[in-house]
Amino acid sequence: GLTRGLKGLADKRNVTVVQGSAYFTSANSLKIESHDGEGESFLTFEQCIIATGSEPATLPFLPDDARIIDSTSALELTEIPNNILIVGGGIIGLEMATIYSALGSVVSIVELTETLMPDTDQDLVKPLEKLLESKCEAIFKGFEVTAGLVKKEGIEMTFKNSKSTHSGIYDAVLVSVGRVANGNLIDANKAGIEVGKNGIIPVDHQMRTNVSNIFAIGDVVGEPMLAHKASHEAKVASEVAAGITTALDTHCIPSVAYTDPEVAWVGLTEKNCLTDNISYEKGIFPWAASGRSLTINRSEGLTKLLFEPVTKRLLGGGIVGTNAGELIAEISLAIEMDCNVSDVALTVHPHPSLSETLTMAAEAYEGTITDLYLKK
């Protein structure tokens, strides 16, 4: 339905859509190989925006078998497997674990690092991990997948750490170990476009590549590989191509894991601050003290805000819990508006609501909260 809607918008705006696989032949032309067997054609342009996205990364030592799937084919299965192993405990892997568990599959997860969602503050991940532990058959952290063997009854997977080796047979194996940008698939060198590591095309703050008339946006320009970041970059690139002076400011792009519960964060994280030696202080409000979370029986969440110690300016925030992906938008706006702790704490929210946990976290930080007893 969304795809049909985009086609309708393109038609109304007199956008010509050409279906096929495109390859640069110069900095002003493309070769397009038709998908319907009609051969190839050529297209010339004055300006170009590359938006070729990314592909799921693979484990090349695994066999070629229809039961070994990636995050794309995981949404196209004709039947639900009785049991499934998810290789990778990042955002996409845990989203798929949530989905398949809800659909009735027995889910196991194997993650190379010692933590799930390793780039995320672990106090936000812990409530999710606790629920996953109750829903999954097993979660193997710190294990490396070493082999996969095709058998009639399933895929036999072997993974190990420094202390032990584990093997199991699974109806399906979902490989979710990251994504690779598609910068190397379009003959970019023929246009003189620089392509870096993992197929990523470097761009400046106006989304311009090293070739002045060619821009790039989305996954192909690197992390964070998020749809809302790509849309914002596309607007910047289009405006610059149209002669408007604008640039991209990416210090405040929210990230959301659409798991159950959801995990969302924006701005600086505690991990960022510790790595870059940035001073910060934090206010945390546990949802176990939220009237709204108790009435919906989802008290496992928490809201966390980070503040600059001197100015009390909001640096970042994270939420784990129901609708975290919706709630994080207010923190995004507060960071963009350079709000300080008083701006957040004195904003009146509806009660009972999950949104008021932002105010509570700010009040917890400044010591004015009445809903909790926090020793000064």
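- For R292, the CZ atom is loosely surrounded, since the number of other residues' heavy atoms within 6.0 Å does not exceed 12.
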(request) Could you check Q19 against H35 for side-chain hydrogen bond (donor to acceptor under 3.5 Å, both in side chains), going step by step and ending with a plain yes or no? (result) CA-CA 7 Å; Q19 299 283 353; H35 291 166; 5.1 Å; no
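- If you chain together hydrophobic residues whose side chains sit under 4.5 Å apart, I284 and L124 fall into the same group.
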(request) Evaluate side chain to side chain contact (heavy atoms under 4.5 Å, CB included) for D65 paired with I155, printing each intermediate quantity in order. (result) CA-CA 9 Å; D65 189 278; I155 305 295; 3.8 Å; yes
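- For D276 and K271, the salt-bridge test fails: no basic side-chain N is under 4.0 Å from an acidic carboxylate O.
- Note on L185 and I200: separate hydrophobic clusters, where clusters join Ile, Leu, Val, Met, Phe, Trp and Tyr whose side-chain heavy atoms are under 4.5 Å apart, directly or indirectly.
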(request) Output, in order, the C-alpha distance, side-chain angles, deciding distance and verdict of side chain to side chain contact (heavy atoms under 4.5 Å, CB included) for F24 and I50. (result) CA-CA 11 Å; F24 284 100; I50 300 169; 3.8 Å; yes
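- Here K135 does not pair with E133 in a salt bridge; the nearest charged N to carboxylate O distance is not below 4.0 Å.
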(message) Could you walk me through whether N182 and I186 satisfy the side chain to side chain contact (heavy atoms under 4.5 Å, CB included) test, starting with their C-alpha distance in whole Å, then the side-chain angles of each, then the deciding distance to 0.1 Å, before giving a yes or no?
(response) CA-CA 8 Å; N182 285 332; I186 52 177; over 6 Å; no
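- Using a cut-off of 4.0 Å between Lys/Arg side-chain N and Asp/Glu carboxylate O, K190 and D187 are scored as salt-bridged.
- Results of the side chain to side chain donor-acceptor pair (under 3.5 Å) test with Y365 over K282, K312, K304 single out K312 as the only residue that passes.
- Heavy-atom neighbours of E79 CD from other residues, nucleotides or ligands within 6.0 Å: at or below the threshold of 12.
- Looking only at side-chain heavy atoms (C-beta outward), S108 and I86 stay at 4.5 Å or farther from each other.
- We find that K235 and E239 are not joined by a salt bridge, their nearest charged nitrogen and carboxylate oxygen being 4.0 Å or further apart.
- Tested against L327, the residues T322, T303, I319 include a single side chain to side chain contact (heavy atoms under 4.5 Å, CB included) partner, I319.
- Annotation: F307 is not in aromatic contact with Y280 [ring centroid separation under 6.0 Å not met].
- Under the 4.5 Å side-chain heavy-atom criterion for ILVMFWY residues, no single connected hydrophobic cluster contains both V221 and V180.
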(request) Given salt bridge (charged side-chain N to carboxylate O under 4.0 Å, His left out), test R313 with E308 step by step and report yes or no. (result) CA-CA 5 Å; R313 181 172 58 87; E308 200 281 320; over 6 Å; no
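- Salt-bridge annotation for K141 and E129: present, with a side-chain N of the basic residue lying under 4.0 Å from a carboxylate O of the acidic one.
- Taken together through direct or relayed side-chain contacts under 4.5 Å among Ile, Leu, Val, Met, Phe, Trp and Tyr, I99 and V107 form part of one hydrophobic cluster.
- Under the 30°/60° scheme for interplanar angles, the aromatic rings of H166 and F140 are found to be tilted.
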(request) Evaluate side chain to side chain contact (heavy atoms under 4.5 Å, CB included) for D219 paired with R179, printing each intermediate quantity in order. (result) CA-CA 9 Å; D219 285 8; R179 299 185 68 84; 4.0 Å; yes
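- Side-chain heavy atoms closer than 4.5 Å link hydrophobic residues (I, L, V, M, F, W, Y) into clusters, and following such links, possibly through other members, connects I214 to I32.
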